[in-house]
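This is a predicted model, so every value here is computed, not measured.
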Amino acid sequence: MSSIVPSIGGIPLKYISLIVLAVQNSCLIIVMALAQGPGRKVFYSSTAVFINEIVKLIVCTIMTIRETIKDTGRFYPQDFLNDVFGGDAWKLAVPAMLYAIQNNLQYVASHALDPSTFQVTYQLKILTTALFSVILLNRSLPFLKWTSLVMLTAGIALVSVEESNNRNGHSSAKHDSAEAIPPPSALGDLLDQQNPGAAAAAAAAVAPSVSNDRPEFVVGLMAVLIACILSGLAGVYFEKILKNTQGSIWLRNIQLSFFSLPFSLLAVYLKDGEGVTEQGFFAGYDMLVIAAIACQSAGGLIVAVVVKYVDLGSQLDTFHAEEGRMGSPRQGSNDSLSTPKSPSAPSVRLDRIRG
(Lines give C-alpha, C1' and ligand atoms only; values in the text may rest on other atoms or scores of the structure.)
Protein backbone atom coordinates (compact mmCIF):
# COMPACT_ATOMS: atom_id res chain seq x y z
CA MET A 1 0.00 0.00 0.00
CA SER A 2 1.21 3.51 -0.75
CA SER A 3 1.82 5.99 2.01
CA ILE A 4 -1.22 8.05 2.88
CA VAL A 5 0.62 10.96 4.48
CA PRO A 6 2.81 12.75 1.88
CA SER A 7 6.37 13.71 2.70
CA ILE A 8 8.99 16.15 1.47
CA GLY A 9 12.58 14.91 1.45
CA GLY A 10 11.55 11.91 3.52
CA ILE A 11 10.05 14.10 6.26
CA PRO A 12 6.27 13.66 6.76
CA LEU A 13 4.32 16.74 5.75
CA LYS A 14 2.60 16.91 9.14
CA TYR A 15 5.95 17.64 10.86
CA ILE A 16 6.94 20.15 8.19
CA SER A 17 3.61 21.92 8.56
CA LEU A 18 4.06 22.17 12.33
CA ILE A 19 7.54 23.68 11.93
CA VAL A 20 6.29 26.15 9.31
CA LEU A 21 3.38 27.07 11.60
CA ALA A 22 5.78 27.85 14.46
CA VAL A 23 7.90 30.06 12.18
CA GLN A 24 4.77 31.77 10.84
CA ASN A 25 3.53 32.58 14.35
CA SER A 26 6.84 34.21 15.25
CA CYS A 27 7.01 36.19 12.00
CA LEU A 28 3.40 37.34 12.34
CA ILE A 29 3.96 38.86 15.78
CA ILE A 30 7.12 40.67 14.66
CA VAL A 31 5.60 41.98 11.42
CA MET A 32 2.41 43.12 13.18
CA ALA A 33 4.49 45.00 15.76
CA LEU A 34 6.58 46.66 13.04
CA ALA A 35 3.50 47.61 11.02
CA GLN A 36 2.04 49.40 14.08
CA GLY A 37 5.34 50.80 15.33
CA PRO A 38 5.81 54.39 16.52
CA GLY A 39 6.28 57.00 13.84
CA ARG A 40 4.52 54.96 11.18
CA LYS A 41 1.46 56.06 9.28
CA VAL A 42 -1.64 54.67 10.96
CA PHE A 43 -3.66 52.02 9.15
CA TYR A 44 -6.95 50.50 10.21
CA SER A 45 -6.29 46.99 11.49
CA SER A 46 -9.91 45.88 11.09
CA THR A 47 -9.59 46.36 7.32
CA ALA A 48 -6.48 44.15 7.37
CA VAL A 49 -8.50 41.38 9.04
CA PHE A 50 -11.18 41.69 6.35
CA ILE A 51 -8.60 41.48 3.53
CA ASN A 52 -7.07 38.48 5.30
CA GLU A 53 -10.36 36.59 5.02
CA ILE A 54 -10.71 37.55 1.35
CA VAL A 55 -7.24 36.14 0.62
CA LYS A 56 -7.99 32.86 2.42
CA LEU A 57 -11.32 32.56 0.63
CA ILE A 58 -9.66 32.91 -2.78
CA VAL A 59 -6.82 30.48 -2.02
CA CYS A 60 -9.10 27.82 -0.52
CA THR A 61 -11.48 28.11 -3.48
CA ILE A 62 -8.60 27.51 -5.87
CA MET A 63 -7.42 24.51 -3.85
CA THR A 64 -10.93 23.02 -3.73
CA ILE A 65 -11.40 23.38 -7.49
CA ARG A 66 -7.96 21.87 -8.06
CA GLU A 67 -8.67 18.84 -5.84
CA THR A 68 -12.11 18.35 -7.42
CA ILE A 69 -10.66 18.27 -10.93
CA LYS A 70 -7.85 15.99 -9.77
CA ASP A 71 -10.26 13.49 -8.16
CA THR A 72 -13.13 13.54 -10.67
CA GLY A 73 -11.64 15.01 -13.83
CA ARG A 74 -14.30 17.72 -14.01
CA PHE A 75 -15.74 20.70 -12.15
CA TYR A 76 -19.35 21.85 -12.00
CA PRO A 77 -19.88 25.33 -10.48
CA GLN A 78 -23.42 24.47 -9.38
CA ASP A 79 -22.23 21.40 -7.45
CA PHE A 80 -19.49 23.53 -5.90
CA LEU A 81 -21.99 26.15 -4.70
CA ASN A 82 -24.26 23.43 -3.33
CA ASP A 83 -21.35 21.98 -1.36
CA VAL A 84 -20.34 25.38 0.01
CA PHE A 85 -23.76 26.69 1.02
CA GLY A 86 -25.78 23.52 1.46
CA GLY A 87 -26.14 21.02 4.26
CA ASP A 88 -24.58 21.99 7.57
CA ALA A 89 -22.57 24.94 6.28
CA TRP A 90 -24.32 27.19 8.81
CA LYS A 91 -22.42 25.45 11.62
CA LEU A 92 -19.26 27.27 10.53
CA ALA A 93 -20.80 30.63 11.47
CA VAL A 94 -19.89 30.13 15.15
CA PRO A 95 -16.12 29.55 14.74
CA ALA A 96 -16.10 32.18 11.96
CA MET A 97 -17.34 34.81 14.41
CA LEU A 98 -14.83 33.70 17.04
CA TYR A 99 -11.92 33.82 14.60
CA ALA A 100 -12.96 37.28 13.36
CA ILE A 101 -12.89 38.64 16.91
CA GLN A 102 -9.62 36.85 17.67
CA ASN A 103 -7.86 38.26 14.61
CA ASN A 104 -8.87 41.81 15.55
CA LEU A 105 -7.67 41.26 19.12
CA GLN A 106 -4.28 40.16 17.80
CA TYR A 107 -3.70 43.62 16.37
CA VAL A 108 -4.83 45.26 19.62
CA ALA A 109 -2.43 43.12 21.64
CA SER A 110 0.52 43.54 19.27
CA HIS A 111 0.09 47.32 19.47
CA ALA A 112 -0.10 47.39 23.29
CA LEU A 113 2.60 44.80 24.10
CA ASP A 114 6.17 44.35 22.98
CA PRO A 115 6.70 41.36 20.61
CA SER A 116 8.43 39.13 23.17
CA THR A 117 5.69 39.55 25.79
CA PHE A 118 2.98 39.02 23.18
CA GLN A 119 4.73 35.92 21.86
CA VAL A 120 5.01 34.33 25.30
CA THR A 121 1.56 35.20 26.61
CA TYR A 122 -0.12 34.13 23.36
CA GLN A 123 1.07 30.59 24.01
CA LEU A 124 -1.71 30.43 26.59
CA LYS A 125 -3.88 29.27 23.68
CA ILE A 126 -2.24 25.84 24.11
CA LEU A 127 -3.84 25.60 27.55
CA THR A 128 -7.24 26.83 26.37
CA THR A 129 -7.20 24.42 23.42
CA ALA A 130 -6.43 21.52 25.75
CA LEU A 131 -9.21 22.50 28.14
CA PHE A 132 -11.80 22.84 25.38
CA SER A 133 -10.64 19.51 23.90
CA VAL A 134 -11.41 17.84 27.21
CA ILE A 135 -14.78 19.58 27.50
CA LEU A 136 -16.05 19.40 23.91
CA LEU A 137 -14.27 16.34 22.50
CA ASN A 138 -14.21 14.26 25.72
CA ARG A 139 -10.47 13.76 25.43
CA SER A 140 -8.41 12.59 28.36
CA LEU A 141 -4.95 14.02 28.93
CA PRO A 142 -2.27 12.07 30.80
CA PHE A 143 -0.70 13.46 33.93
CA LEU A 144 2.49 14.47 32.10
CA LYS A 145 0.55 16.70 29.69
CA TRP A 146 -1.39 18.33 32.54
CA THR A 147 1.92 18.99 34.29
CA SER A 148 3.33 20.55 31.14
CA LEU A 149 0.28 22.80 30.81
CA VAL A 150 0.58 23.94 34.43
CA MET A 151 4.27 24.75 33.91
CA LEU A 152 3.41 26.65 30.71
CA THR A 153 0.78 28.70 32.55
CA ALA A 154 3.19 29.43 35.40
CA GLY A 155 5.87 30.56 32.96
CA ILE A 156 3.45 32.89 31.18
CA ALA A 157 2.33 34.33 34.53
CA LEU A 158 5.95 35.01 35.54
CA VAL A 159 6.69 36.78 32.26
CA SER A 160 3.55 38.89 32.60
CA VAL A 161 4.35 39.87 36.20
CA GLU A 162 7.95 40.71 35.31
CA GLU A 163 6.87 42.87 32.37
CA SER A 164 4.31 44.63 34.58
CA ASN A 165 6.98 45.33 37.23
CA ASN A 166 9.36 46.65 34.58
CA ARG A 167 6.72 49.05 33.32
CA ASN A 168 5.93 50.16 36.87
CA GLY A 169 9.63 50.83 37.51
CA HIS A 170 9.92 52.74 34.24
CA SER A 171 6.87 54.85 35.10
CA SER A 172 8.17 55.50 38.63
CA ALA A 173 11.50 56.69 37.25
CA LYS A 174 9.72 59.10 34.94
CA HIS A 175 7.53 60.27 37.82
CA ASP A 176 10.59 60.85 40.02
CA SER A 177 12.29 62.79 37.26
CA ALA A 178 9.19 64.90 36.90
CA GLU A 179 9.18 65.62 40.65
CA ALA A 180 12.88 66.50 40.50
CA ILE A 181 12.17 69.59 38.40
CA PRO A 182 13.17 72.62 40.52
CA PRO A 183 10.45 74.89 41.80
CA PRO A 184 9.62 77.92 39.71
CA SER A 185 11.93 80.90 40.11
CA ALA A 186 11.40 84.57 39.37
CA LEU A 187 12.92 84.03 35.92
CA GLY A 188 10.67 81.07 35.42
CA ASP A 189 7.63 83.12 36.37
CA LEU A 190 8.65 85.78 33.88
CA LEU A 191 9.08 83.22 31.09
CA ASP A 192 5.80 81.62 31.99
CA GLN A 193 4.04 84.95 31.74
CA GLN A 194 5.50 85.45 28.27
CA ASN A 195 4.63 81.92 27.15
CA PRO A 196 1.86 80.46 29.34
CA GLY A 197 1.83 77.10 27.53
CA ALA A 198 5.53 76.37 27.86
CA ALA A 199 5.34 74.94 31.37
CA ALA A 200 2.49 72.64 30.50
CA ALA A 201 4.29 71.47 27.36
CA ALA A 202 7.47 70.78 29.31
CA ALA A 203 5.59 68.79 31.94
CA ALA A 204 3.88 66.74 29.25
CA ALA A 205 7.23 66.08 27.56
CA VAL A 206 8.90 64.94 30.78
CA ALA A 207 6.43 62.20 31.69
CA PRO A 208 3.91 61.56 28.92
CA SER A 209 3.43 57.93 29.76
CA VAL A 210 3.34 57.96 33.55
CA SER A 211 -0.38 57.28 33.55
CA ASN A 212 -0.62 55.53 30.17
CA ASP A 213 1.93 52.70 30.28
CA ARG A 214 0.15 50.45 32.71
CA PRO A 215 -3.41 50.81 31.31
CA GLU A 216 -2.07 50.04 27.82
CA PHE A 217 -0.29 46.95 29.13
CA VAL A 218 -3.45 45.76 30.88
CA VAL A 219 -5.48 46.28 27.70
CA GLY A 220 -2.92 44.28 25.72
CA LEU A 221 -2.88 41.51 28.31
CA MET A 222 -6.68 41.28 28.34
CA ALA A 223 -6.72 41.23 24.52
CA VAL A 224 -4.28 38.30 24.52
CA LEU A 225 -6.26 36.43 27.18
CA ILE A 226 -9.56 36.79 25.31
CA ALA A 227 -7.88 35.93 21.99
CA CYS A 228 -6.44 32.74 23.50
CA ILE A 229 -9.83 31.68 24.84
CA LEU A 230 -11.50 32.34 21.49
CA SER A 231 -8.68 30.58 19.63
CA GLY A 232 -9.01 27.44 21.73
CA LEU A 233 -12.81 27.38 21.53
CA ALA A 234 -12.94 28.05 17.78
CA GLY A 235 -10.21 25.53 16.98
CA VAL A 236 -11.78 22.70 18.96
CA TYR A 237 -15.27 23.51 17.67
CA PHE A 238 -13.92 23.50 14.10
CA GLU A 239 -12.22 20.15 14.69
CA LYS A 240 -15.45 18.72 16.07
CA ILE A 241 -17.28 19.78 12.91
CA LEU A 242 -14.59 18.18 10.75
CA LYS A 243 -14.83 14.91 12.64
CA ASN A 244 -18.62 14.67 12.50
CA THR A 245 -19.23 15.76 8.90
CA GLN A 246 -17.94 15.10 5.43
CA GLY A 247 -16.18 17.62 3.23
CA SER A 248 -12.56 18.46 2.58
CA ILE A 249 -10.57 20.76 4.82
CA TRP A 250 -10.36 23.30 1.97
CA LEU A 251 -14.14 23.33 1.54
CA ARG A 252 -14.60 23.89 5.26
CA ASN A 253 -12.14 26.78 5.15
CA ILE A 254 -14.10 28.34 2.29
CA GLN A 255 -17.19 28.24 4.49
CA LEU A 256 -15.21 29.54 7.45
CA SER A 257 -13.81 32.51 5.51
CA PHE A 258 -17.16 33.26 3.88
CA PHE A 259 -18.99 33.42 7.20
CA SER A 260 -16.13 35.48 8.67
CA LEU A 261 -16.63 38.26 6.12
CA PRO A 262 -19.81 39.82 7.60
CA PHE A 263 -18.34 39.73 11.12
CA SER A 264 -15.08 41.29 9.89
CA LEU A 265 -17.00 43.95 7.99
CA LEU A 266 -19.03 44.68 11.11
CA ALA A 267 -15.77 45.13 13.04
CA VAL A 268 -14.62 47.64 10.41
CA TYR A 269 -17.83 49.62 10.86
CA LEU A 270 -17.83 49.55 14.68
CA LYS A 271 -14.09 50.02 15.28
CA ASP A 272 -12.81 52.14 12.40
CA GLY A 273 -15.92 53.19 10.49
CA GLU A 274 -15.41 56.93 10.85
CA GLY A 275 -11.74 56.82 9.88
CA VAL A 276 -12.35 54.52 6.92
CA THR A 277 -15.08 56.84 5.66
CA GLU A 278 -12.82 59.90 5.87
CA GLN A 279 -9.46 58.46 4.75
CA GLY A 280 -10.37 55.37 2.74
CA PHE A 281 -10.34 51.61 3.27
CA PHE A 282 -6.65 51.22 2.41
CA ALA A 283 -5.35 54.28 4.24
CA GLY A 284 -1.83 53.74 5.60
CA TYR A 285 -1.22 50.53 3.66
CA ASP A 286 2.38 49.77 2.68
CA MET A 287 4.59 46.71 2.27
CA LEU A 288 4.72 46.01 6.03
CA VAL A 289 0.92 46.03 6.30
CA ILE A 290 0.66 43.77 3.27
CA ALA A 291 3.26 41.47 4.86
CA ALA A 292 1.19 41.34 8.06
CA ILE A 293 -1.92 40.41 6.08
CA ALA A 294 0.04 37.77 4.15
CA CYS A 295 1.40 36.26 7.38
CA GLN A 296 -2.03 36.13 8.99
CA SER A 297 -3.56 34.56 5.87
CA ALA A 298 -0.74 32.04 5.66
CA GLY A 299 -1.40 31.09 9.27
CA GLY A 300 -4.98 30.10 8.51
CA LEU A 301 -3.88 28.03 5.51
CA ILE A 302 -1.05 26.33 7.42
CA VAL A 303 -3.46 25.45 10.22
CA ALA A 304 -5.67 23.81 7.59
CA VAL A 305 -2.74 21.63 6.52
CA VAL A 306 -1.91 20.84 10.15
CA VAL A 307 -5.51 19.83 10.88
CA LYS A 308 -5.60 17.72 7.72
CA TYR A 309 -2.40 15.73 8.24
CA VAL A 310 -1.71 15.88 11.98
CA ASP A 311 -5.28 14.89 12.79
CA LEU A 312 -4.87 12.10 10.24
CA GLY A 313 -2.35 10.47 12.53
CA SER A 314 -4.85 10.33 15.37
CA GLN A 315 -7.47 8.89 13.01
CA LEU A 316 -5.08 6.14 11.96
CA ASP A 317 -4.14 5.42 15.58
CA THR A 318 -7.82 5.18 16.48
CA PHE A 319 -8.48 2.88 13.54
CA HIS A 320 -5.58 0.56 14.38
CA ALA A 321 -6.58 0.53 18.05
CA GLU A 322 -10.11 -0.50 17.09
CA GLU A 323 -8.68 -3.03 14.65
CA GLY A 324 -6.52 -4.57 17.36
CA ARG A 325 -9.39 -4.57 19.85
CA MET A 326 -11.56 -6.52 17.37
CA GLY A 327 -8.78 -9.06 16.94
CA SER A 328 -8.13 -8.47 13.24
CA PRO A 329 -4.51 -8.71 12.10
CA ARG A 330 -2.64 -5.52 11.39
CA GLN A 331 -0.26 -5.37 8.46
CA GLY A 332 2.28 -2.78 7.53
CA SER A 333 3.18 0.42 9.27
CA ASN A 334 1.09 3.31 10.49
CA ASP A 335 0.92 4.66 6.96
CA SER A 336 -0.84 1.60 5.54
CA LEU A 337 -4.27 0.11 6.02
CA SER A 338 -5.23 -3.53 5.75
CA THR A 339 -8.33 -4.31 3.72
CA PRO A 340 -11.05 -6.13 5.66
CA LYS A 341 -11.63 -9.57 4.22
CA SER A 342 -14.98 -10.20 5.82
CA PRO A 343 -17.99 -8.62 4.10
CA SER A 344 -19.47 -7.82 7.48
CA ALA A 345 -16.35 -6.10 8.75
CA PRO A 346 -16.52 -2.32 9.01
CA SER A 347 -15.15 -0.63 5.92
CA VAL A 348 -12.84 2.36 5.93
CA ARG A 349 -13.27 5.09 3.34
CA LEU A 350 -9.77 5.97 2.26
CA ASP A 351 -10.90 9.24 0.67
CA ARG A 352 -12.48 10.32 4.00
CA ILE A 353 -9.29 9.52 5.92
CA ARG A 354 -7.25 11.50 3.44
CA GLY A 355 -9.45 14.48 4.34
Side-chain angles (χ1 to χ4, degrees), residues 18-38 40 45-46 48-49 52 95 97-135 141 145-172 209 211-238 267 271 288 291-293 295-300 302-303 306:
L18 287 172
I19 295 173
V20 173
L21 181 62
V23 174
Q24 179 272 335
N25 276 330
S26 300
C27 292
L28 174 63
I29 292 171
I30 295 173
V31 173
M32 288 174 68
L34 291 175
Q36 300 181 102
R40 286 185 46 79
S45 58
S46 58
V49 174
N52 159 52
M97 178 187 66
L98 299 178
Y99 278 130
I101 299 174
Q102 175 208 336
N103 290 335
N104 279 280
L105 288 175
Q106 281 185 328
Y107 279 99
V108 174
S110 67
H111 179 70
L113 303 174
D114 62 89
S116 58
T117 303
F118 182 26
Q119 173 78 333
V120 174
T121 53
Y122 196 53
Q123 301 313 307
L124 192 63
K125 64 183 179 180
I126 300 175
L127 174 63
T128 60
T129 302
L131 292 176
F132 284 117
S133 296
V134 173
I135 297 172
L141 298 179
K145 289 187 177 181
W146 281 117
T147 303
S148 301
L149 291 173
V150 170
M151 293 178 64
L152 172 67
T153 306
I156 293 173
L158 289 175
V159 170
S160 302
V161 170
E162 181 181 1
E163 177 65 17
S164 179
N165 291 336
N166 290 339
R167 286 176 177 261
N168 285 338
H170 185 59
S171 298
S172 299
S209 59
S211 61
N212 292 334
D213 275 358
R214 185 171 180 81
E216 187 178 58
F217 174 74
V218 173
V219 169
L221 208 57
M222 291 301 297
V224 170
L225 178 61
I226 297 174
C228 289
I229 295 174
L230 296 180
S231 175
L233 178 58
V236 173
Y237 188 90
F238 185 47
K271 183 173 179 287
L288 268 178
I293 295 174
C295 281
Q296 199 170 42
S297 301
I302 295 170
V303 167
V306 170

Point-to-point distance, once rounded to the nearest 0.5 Å, from CD1 of I29 to CD of Q24: 9.0 Å
Test side-chain contact (heavy atoms from CB on, under 4.5 Å) applied to S148 - qualifying residues, sequence neighbours left out: none
Give a yes or no answer on whether the side chain of N52 reaches the backbone of A48 with a donor-acceptor pair at less than 3.5 Å. no
Counting only pairs under 3.5 Å, give me each side-chain donor-acceptor contact of residues 124-131, with atom names and distances, residues two or more places apart or in other chains.
residue, atom, partner, partner atom, Å
T128, OG1, K125, O, 2.9
T128, OG1, C228, O, 2.8
T129, OG1, K125, O, 2.7

Kindly indicate, with the supporting measurements, whether the criterion side chain to side chain contact (heavy atoms under 4.5 Å, CB included) is fulfilled by L98 and Y237. CA-CA 10 Å; L98 299 178; Y237 188 90; 5.7 Å; no
Once you round to the nearest 0.5 Å, how far does OG of S45 lie from CE of M32? 8.0 Å
Tell me the closest heavy-atom pair linking F132 and G232, and the distance in Å. CD1-C, 3.6 Å
What distance do L28 atom CG and L21 atom CG have between them, rounded to the nearest 0.5 Å? 10.5 Å
Which heavy atom in L113 sits nearest to a heavy atom in F217, and how many Å separate them? CD2-CD1, 3.4 Å
Is there any side chain to side chain donor-acceptor pair (under 3.5 Å) pair reaching into residues 26-37, and which pairs are they, with sequence neighbours excluded? S26-Q119, Q36-S110
If the condition is side-chain hydrogen bond (donor to acceptor under 3.5 Å, both in side chains), which residues does N104 pass it with, not counting sequence neighbours? none
For V134, check side-chain contact (heavy atoms from CB on, under 4.5 Å) against everything at least two apart and list the hits. L141, W146
Going from CD1 on I30 to CG on L288, what distance comes out if it is rounded to the nearest 0.5 angstrom? 12.0 Å
What pairs with V23 under side-chain contact (heavy atoms from CB on, under 4.5 Å), at least two apart in sequence or on another chain? C27
According to ring pair (Phe, Tyr, Trp, His ring centres under 6.0 Å), who are the partners of Y122, at least two apart in sequence or on a separate chain? F118
Sequence-distant partners of I101, side-chain contact (heavy atoms from CB on, under 4.5 Å), two or more places apart: M97, L105, L230
Assess the residue pair Y107 and K271 against the criterion (side chain to side chain contact (heavy atoms under 4.5 Å, CB included)); give the C-alpha distance rounded to whole Å, side-chain angles, the decisive distance to 0.1 Å, and a yes or no. CA-CA 12 Å; Y107 279 99; K271 183 173 179 287; over 6 Å; no
